[in-house]
2 protein chains.
Amino acid sequence: MNKIMVIEDDIYLREELINTFAKKGYSVSSISSFDAPEKEILNNNPDLAVLDINLPGKSGFELCKWLKARASFPILILTARDTLSDELYALGLGADDFLTKPCHPDRLIARAERLLQTYGKVRNLIQVGDLVLDIDTYKVIWKNAHVVLSDTEGRILKVLLERYPELASKQELLIELWGSEEYVDENILQVNMTRLRKSLDSIGLRDMVQTVRGQGYRLEVSKP
Amino acid sequence: MNKIMVIEDDIYLREELINTFAKKGYSVSSISSFDAPEKEILNNNPDLAVLDINLPGKSGFELCKWLKARASFPILILTARDTLSDELYALGLGADDFLTKPCHPDRLIARAERLLQTYGKVRNLIQVGDLVLDIDTYKVIWKNAHVVLSDTEGRILKVLLERYPELASKQELLIELWGSEEYVDENILQVNMTRLRKSLDSIGLRDMVQTVRGQGYRLEVSKP
DNA sequence: CAATACCTTACATCAACTGTAAGTGTTTAT
DNA sequence: ATAAACACTTACAGTTGATGTAAGGTATTG
């Protein structure tokens, strides 16, 4: 069954939420510490996150934005802040739904299940800005165009997307793609960079892969 | 820009909705007759449908269910019926969001844009029951498993899914896949059926492709 | 039990992907 | 200005996976 992660600091509400989902048969986990919640959530790799806004430390808004840039599970915001501007802000950050407390358990369940169903179709996607990469098939979607990359091109783009907005060093790429940086001709990386750039060009993504002389490569993605 | 279709019988509200979306730069269309709205909507092929519930003739609920079985664009329900049971019913039918009138235009826009963004990633998918096929890459997703089919296998499955729940005749398949049914050895279809079945087996989809002796093949898909 | 329809496996051909090699272009430092 | 270092591009050949053909096996029907 699907894994749901509850990120809520009020202990009573948290237990109630866990109960609500557990009764429906979901495997539920929650945050044990709000010192570094990001890592804990990513490591848990849930199918859905239910997120409060008013948290100790990093706010739910920040967390939402941070997670959306890295992970591909849906985020449902559940908060007592019921103003329209909060809702608009959350949706703008990429939140997938926005419910206000108090919320009827049936509504919460129904909304959560809708998200799980929708995202069941889009598993294994990495999204950065307008760009989407399917890591099973290396299909790249951008605006209304798409192209299917070869295996090597796709693996390179995957590394670049995972490092974004940082650069990926030549060493990292050589190790990730060819197992070692020793005894591997750096030319193989250059050749495949050319190939990747050509493929991305074909759907209008010119100059997306930028060279950082002496260090590596970096993506330049226009924000949505 | 994205196409939005407004399905609302109250003429004043309809114009207001059209205006709201048009001002944001969307291409908006609406229903001209409620005699046979299904065909008109499908022909229009929008990126998003905004749907009222209380309509003359077929109700919005029925329409939602009918569309979800055939089309792949998101449906946002906008209605004056504000009970929880209405919302649960709509979400259960596959509606992607449920807003109640009166609704602030900014909220409507934000929710609509979120749906457009999410569904931008899932373009070119055929879904029947729990099964999803990406027609660009022929990736099949089922429950938590997936497999990428070869070109020929994928094209066969695509035809089978398009004909579902009817059968696809051998002639149809031969013509669609190899251009003609004359001078094409029927064995090539059998060979590739074996290959397709083997691939589907590998993710647990045993006996999904059924033979109808003397006629063709049919899918047996367990409903979600 | 024979005829028909369907299934399976092996094999050769073909196309796409990949790494190597060699040569060209660009940037940096002296 | 010029050489050295770094990066890019193109061509080529080996390898791999997909595809259609062929041949033989299995299942269903009357």
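Any value given below was found using the heavy atoms of this structure, including those in side chains, with hydrogens, waters and symmetry copies removed.
Within a 6.0 Å radius of NZ in B:Lys58, other residues, nucleotides and ligands contribute more than 12 heavy atoms. The neighbour count for A:Lys68 NZ, taken as heavy atoms of other residues, nucleotides or ligands under 6.0 Å away, is above 12. Other residues, nucleotides and ligands contribute at most 12 non-hydrogen atoms within 6.0 Å of the CG atom of B:Asp207.
The shortest distance between the side-chain N/O atoms of B:Lys198 and the OP1/OP2 oxygens of C:dT8 is not below 4.0 Å. Contact annotation: B:Thr152 reaches the phosphate of D:dT19 (side-chain N/O to OP1 or OP2, under 4.0 Å). Taking side-chain N and O atoms only, B:Thr211 has no distance below 4.0 Å to OP1 or OP2 of C:dC6. Within the structure, a side-chain polar atom (N or O) of A:Arg197 is placed less than 4.0 Å from OP1 or OP2 of D:dC8. The phosphate of C:dC7 has OP1 or OP2 within less than 4.0 Å of a side-chain N or O from B:Tyr217. An OP1 or OP2 oxygen of D:dC6 is reached within less than 4.0 angstrom by no side-chain nitrogen or oxygen of A:Lys170. Here B:Trp178 reaches the OP1 or OP2 of D:dG20: one of its side-chain N or O atoms lies under 4.0 Å away. Note on A:Thr194: a side-chain N or O is less than 4.0 Å away from OP1 or OP2 of D:dT9.
Taking 4.5 Å as the limit, some side-chain heavy atom of A:Leu42 sits within range of a side-chain heavy atom of A:Trp66.
When the nucleotides C:dC7, D:dA5, D:dC12 are ranked by their closest atom to the side chain of B:Asn187, C:dC7 comes out on top. Distances were taken from every side-chain heavy atom of B:Val191 (C-beta onward) to each of D:dA22, D:dT10, C:dT18; the shortest belongs to D:dA22. Closest to the side chain of B:Arg213, from the set D:dA27, D:dA5, D:dG20, is D:dA27.
Rounded to an integer number of Å, the gap from A:Leu196 CG to C:dT18 P is 12 Å. One can place CG of A:Leu174 at 12 Å from P of C:dT20, the figure rounded to the nearest angstrom. In this structure, B:Ile156 atom CD1 and D:dA18 atom P are separated by 14 Å, rounded to whole Å.
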